[in-house]
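Report on the structure given below.
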Amino acid sequence: MKTLFALASLAVLAACAAPAGLTVDQLETDRYQVTERRRLPIDFPQVQQNLFRHAAVCHETYTFEMVPGESSFGRVVYRPEPGAGWDRSVVLHLTLLHDRSINVKAYSYLAGQMGRVHRMFTAMMKPDACVADTSWENKMDGG
């Protein structure tokens with residue numbers, strides 16, 4: 001009986017471990033969504049310009065990338081080190097709306113990333129601020 005319990009426990013622990021080769025499509029699901037913002041008054045060129053400015057002022061770098069084959073979808077990605085997998089990255093998925101504003105959904109495989117998400121939003125919205133600034137917020141977080 002103890003052996004059966006031990007094997008079951010190992011199976012549960014293995015299921016909780018980071019999946020090998022987690023893809024961005026697997027990450028960008030409701031299961032890993034941290035928060036979202038709607039109709040931020042910024043478009044893709046402004047996001048990219050603000051990220052460059054933030055990197056120059058604050059020495060904190062985030063990557064802006066377009067979703068391949070899609071002109072209305074992009075991402076801002078934080079990797080703790082070059083080459084880090086999606087299981088260690090934080091992703092802001094951007095949707096460009098017709099009025100040139102964006103909706104954003106934040107994703108992280110790891111729990112406890114809300115501080116990083118706030119810093120990423122700050123880099124996009126207030127690039128000269130080197131600490132998280134939520135004065136631009138349009139939605140409260142649930143926790």
Side-chain angles (χ1 to χ4, degrees), residues 4-143:
L4 182 61
F5 180 74
L7 289 173
S9 297
L10 284 174
V12 169
L13 289 175
C16 294
L22 181 73
T23 67
V24 70
D25 291 329
Q26 292 168 326
L27 179 63
E28 290 179 336
T29 60
D30 290 343
R31 179 178 183 177
Y32 302 118
Q33 185 176 334
V34 176
T35 190
E36 68 181 293
R37 303 292 183 271
R38 298 197 176 275
R39 298 201 178 274
L40 295 181
I42 192 169
D43 62 15
F44 287 174
Q46 292 169 314
V47 167
Q48 194 166 25
Q49 290 169 356
N50 286 355
L51 293 177
F52 286 138
R53 180 170 179 88
H54 184 79
V57 171
C58 301
H59 310 290
E60 189 172 51
T61 304
Y62 302 108
T63 304
F64 174 82
E65 56 189 48
M66 295 296 297
V67 173
E70 299 288 342
S71 61
S72 295
F73 300 104
R75 291 185 185 99
V76 174
V77 180
Y78 164 75
R79 287 190 169 83
E81 59 203 33
W86 294 111
D87 60 321
R88 296 183 49 224
S89 301
V90 178
V91 174
L92 302 182
H93 183 92
L94 315 176
T95 302
L96 182 64
L97 305 175
H98 294 293
D99 65 358
R100 308 301 293 171
S101 65
I102 60 172
N103 287 347
V104 183
K105 291 185 178 183
Y107 299 94
S108 175
Y109 178 80
L110 300 175
Q113 295 298 312
M114 199 62 211
R116 173 60 60 190
V117 169
H118 278 218
R119 288 193 299 276
M120 293 171 76
F121 277 122
T122 298
M124 284 182 4
M125 301 302 295
K126 293 195 163 211
D128 293 325
C130 295
V131 295
D133 178 350
T134 58
S135 63
W136 51 267
E137 289 279 1
N138 63 11
K139 181 181 176 193
M140 298 300 293
D141 291 309

I want to check something: taking the side chain as every heavy atom from C-beta on, are Trp86 and Val77 in contact at a cut-off of under 4.5 Å? yes
Passing candidate, side-chain contact (heavy atoms from CB on, under 4.5 Å) with Tyr62, options Arg79, Met124, Arg116: Arg116
Which heavy atom of Ala132 sits nearest a heavy atom of His118, and at what distance? CB-CB, 4.0 Å
ring-ring contact (aromatic ring centres under 6.0 Å, His included) assessment of Tyr107 paired with Tyr32: CA-CA 5 Å; Tyr107 299 94; Tyr32 302 118; 8.5 Å; no
What closest approach, in Å, do Val90 and Val117 show between heavy atoms, and which atom pair accounts for it? CG1-CG2, 3.8 Å
Any side-chain heavy atom of Arg53 within less than 4.5 Å of one from Asp128? yes
Go through the structure and list residues passing salt bridge (charged side-chain N to carboxylate O under 4.0 Å, His left out) with Glu65, not counting sequence neighbours. Arg75
Report yes or no: does Thr35 contribute a side-chain atom to a donor-acceptor pair with the main-chain N or O of Ala106 at less than 3.5 Å? no
Between Leu27 and Ser108, which heavy-atom pair has the shortest distance, and what is it? CD1-C, 3.8 Å
Check: Asp43 main-chain N/O paired with Gln46 side-chain donor or acceptor under 3.5 Å: yes
Counting C-beta onward and ignoring hydrogens, is there a side-chain heavy-atom pair between His93 and Val67 closer than 4.5 Å? yes
Can you name the ring-ring contact (aromatic ring centres under 6.0 Å, His included) partners of Phe52, sequence neighbours left out? none
Apply side chain to side chain donor-acceptor pair (under 3.5 Å) to Asp99 and Ser101, showing your working. CA-CA 6 Å; Asp99 65 358; Ser101 65; 2.5 Å; yes
